Amino acid sequence: MEELKISTKENKPLLDKIQDVSFRRGIVFPAADIYGGLAGAFDYGPIGTLMRQKLINFWRDYFVKSEGHYEIEGSLILPPKVFEASGHLAKFCDPLVQCKECKSMFRADKIIEDKIELNADGLAPKELDEIIAKNKLTCPSCDGAFMNAREFNLMLKTQVGSVEGNVAYLRPETAQNIFINFKRVAHSMRAKLPFGIAQVGKVYRNEISPRQFIIRVREFEQMEVEAFFAEEQLDNPPHFEELADEVLPLLTREMQAKGIKKSKNVTVAEAVQKKLIPNAAMGYYLAKEKILFEEVGVNTELIRFRHMLPKETPHYSGGNFDLEIKLSIGWTEVVGNAFRQQYDLISHEKHSGTKMAVQHTNGNVIPFVIEPSIGVGRTLYCILESCYRETEDRDWTWFQFPPTISPYDVHVYPLMKKDGMEDKAQEIFEELRGEGFEVAFDTSGKIGKRYARADEIGTPYCVTIDYDSLKDDTVTIRDRDTMKQIRVHLEDLNDVLILLLSSEYAFDEVEDIIAEQQK
RNA sequence: GCACCGAUGGUCUAGACUGGUCUAGGACUCCAGCCUUCCAAGCUGGGUACCCGGGUUCAAAUCCCGGUCGGUGCACCA
């Protein structure tokens with residue numbers, strides 16, 4: 001019976017295991033679960049929320065503050081004019097036709113383009129129906145007749161105010177807030193090119209079929225930078241030398257045409273020089289992303305940057321590169337890197353009448369835009385998969401999160417609840433919390449069970465208060481990865497934890513470093 | 001959105017075909033207490049479930065219909 005249980009667990013797909021532990025340990029829950037849920041919507045639980053905060057803070061520090069970018073927080077709900085200008089109202093919309101016989105759905109414009117080689121892009125459903133009728137187009141799978149075409153807009157529509165029909169949309173990307181605030185930010189912050197505007201926030205897309213846990217959802221979060229450059233600055237971005245030798249795993253269009261799946265490693269400088277990527281600014285951000293993913297616990301062996309094919313990118317793109325990660329469910333887009341050129345600012349200038357040019361050396365220019373857009377939920381999922389462990393040395397599953405992402409830094413436990421150990425542990429817990437550590441406290445059950453629980457949510461260190469602690473003010477620190485322990489004096493606890501959480505020293509070394517300091 | 005399949009405590013599941021001893025059983029988990037000076041395994045007690053709505057029937061976890069959610073395939077994924 002026991003063996004049977006273990007074997008079913010081992011046979012489970014990784015995504016299912018991650019989902020189980022997420023529900024069980026408070027990482028992610030289905031939204032409105034007690035009412036049967038809503039497809040494509042999830043809530044973060046307490047543990048997931050801590051992780052999400054750590055991820056966003058890390059990004060904020062590394063992608064925003066260290067670059068001197070300006071972070072804003074824009075409205076989720078926006079008027080239709082924004083999306084007329086951005087092109088989402090026309091392009092983010094698929095006209096679908098359904099076969100009367102076999103009920104298959106197709107994109108009406110694709111059917112027309114495939115069969116009679118007529119560009120039907122952007123036509124209204126009525127026009128599409130007419131073309132289909134005139135050319136007697138039928139279902140590719142069963143030759144049946146089509147029903148009338150219907151618009152399927154991927155944006156979620158709502159109403160504002162008391163008057164019927166006053167339409168607004170939930171934003172399908174965070175980018176537009178940045179473009180429509182571009183002038184305000186540039187002026188209020190006296191920004192000089194090149195500069196960046198960053199934003200993290202929710203976006204909404206009415207996906208036809210959300211699937212695969214938190215990978216394809218209707219509401220998700222982006223951490224995004226729009227980096228603005230004068231044209232001549234694109235090949236000479238700030239700090240470029242710092243990352244010029246970083247290696248990028250690239251999958252070029254050429255390689256894709258040949259059916260090659262495995263990326264080739266090219267340094268940023270080489271990629272720029274060989275024109276494998278649009279410009280140095282793009283290369284700089286790709287390198288930065290790779291480092292970010294490494295720092296938050298994603299195995300970089302699983303990363304590639306894929307040059308999107310022309311049909312996958314909008315016409316104004318100067319070359320998009322997706323950061324894809326090889327998950328158990330296949331290669332998955334986690335970051336979209338778009339070279340949007342001047343498209344958005346020019347379009348908003350045209351539609352709104354607001355001049356988007358900003359002062360630059362001699363005169364006004366409309367800057368070029370590089371957009372690294374990181375999916376928060378997908379990144380968290382990648383971290384979960386990449387850090388998930390089932391090992392021989394323990395009967396439970398665990399997460400090998402780096403401290404940059406682990407929900408807690410440390411758990412504090414009394415060895416047992418008696419003889420004053422609980423009070424002492426409580427004191428130490430509160431002290432550590434006061435020092436700014438993310439710390440949890442637990443007294444229930446045996447110590448081994450508590451270590452297992454800490455492992456299961458990937459807490460790197462546990463501090464245990466035992467009988468010796470009561471005598472000589474020393475405590476043990478247990479290392480999640482090795483299950484080894486060291487004993488430190490309470491006076492050193494704070495420093496030791498800081499050393500350990502910096503990840504710069506091996507667990508064994510830290511004891512010696514402290515001993516050294518005391519001499 | 002289509003087709004097929006599925007849904008029982010926090011998790012894995014028994015029961016469903018053949019409606020009624022099912023006031024739904026087990027294992028793990030969880031909670032309380034005892035025991036225990038370091039890796040989920042001892043003892044005692046306890047908590048928690050038939051996805052939602054309707055129908056058939058004397059009687060529904062079980063049969064039927066609709067919905068929701070999930071899986072797979074198709075389609076979709078600016």
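The shown structure was predicted, so the numbers you read here are calculated from the model rather than taken from an experiment. Just so we're on the same page: letters track the sequence lines, and every chain starts at 1.
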Tell me if the side-chain of [X] makes a donor-acceptor pair with the base of [N], cut-off 3.5 Å, by modelled atom types.
| X | N | value |
| --- | --- | --- |
| A/R25 | B/U29 | no |
| A/D455 | B/A40 | no |
| A/R216 | B/C76 | yes |

Checklist entry - Taking only residues two or more places apart in sequence, or in another chain, which ones meet A/F228 in a ring pair (Phe, Tyr, Trp, His ring centres under 6.0 Å)? => result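 A/F228 satisfies ring pair (Phe, Tyr, Trp, His ring centres under 6.0 Å) with A/F182, A/F195 once adjacent residues are dropped.
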
Checklist entry - Using a cut-off of less than 4.0 Å, is there contact between a side-chain N or O of A/K417 and OP1 or OP2 of B/C34? => result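 No.
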
Checklist entry - Is the phosphate of B/U11, meaning OP1 or OP2, less than 4.0 Å from a side-chain N or O of A/K17? => result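 No, because none of the side-chain N or O atoms of A/K17 sits under 4.0 Å from OP1 or OP2 of B/U11.
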
Taking any heavy-atom pair under 4.0 Å as a contact, classify [X]: base, sugar-phosphate, or nothing.
| X | result |
| --- | --- |
| A/E333 | nothing |
| A/Q212 | sugar-phosphate |
| A/R478 | base |
| A/R450 | nothing |
| A/T313 | nothing |

Next on the checklist: From the set B/U29, B/U36, B/C77, return the single nucleotide nearest to any side-chain atom of A/E207.
Outcome noted: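 From the listed options, B/C77 comes nearest.
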
Item to check | salt bridge (charged side-chain N to carboxylate O under 4.0 Å, His left out) involving A/R253 - partner list, sequence neighbours excluded | outcome: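 Salt bridge (charged side-chain N to carboxylate O under 4.0 Å, His left out) list for A/R253, sorted by chain: empty.
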
To the nearest angstrom, how far is [X] atom [atom1] from [N] atom [atom2]?
| X | N | atom1 | atom2 | answer |
| --- | --- | --- | --- | --- |
| A/L15 | B/G71 | CG | P | 8 Å |
| A/D442 | B/C38 | CG | C1' | 15 Å |
| A/M483 | B/A40 | CE | P | 7 Å |
| A/I215 | B/G70 | CD1 | C1' | 16 Å |
| A/M421 | B/C35 | CE | C1' | 13 Å |

Checklist entry - Between the side chains of A/E385 and A/Y381, does any donor sit under 3.5 Å from an acceptor? => result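 Yes, a side-chain donor-acceptor pair sits under 3.5 Å.
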
Item to check | Mate of B/U68 where both pairing distances stay under 3.5 Å, Watson-Crick or G-U | outcome: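 Pair assignment: B/U68 / B/A7.
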
Next on the checklist: My understanding is that only one of A/R480, A/H411, A/R453 makes a side chain to side chain donor-acceptor pair (under 3.5 Å) with A/T459; could you say which?
Outcome noted: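 Exactly one pass, corresponding to A/H411.
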
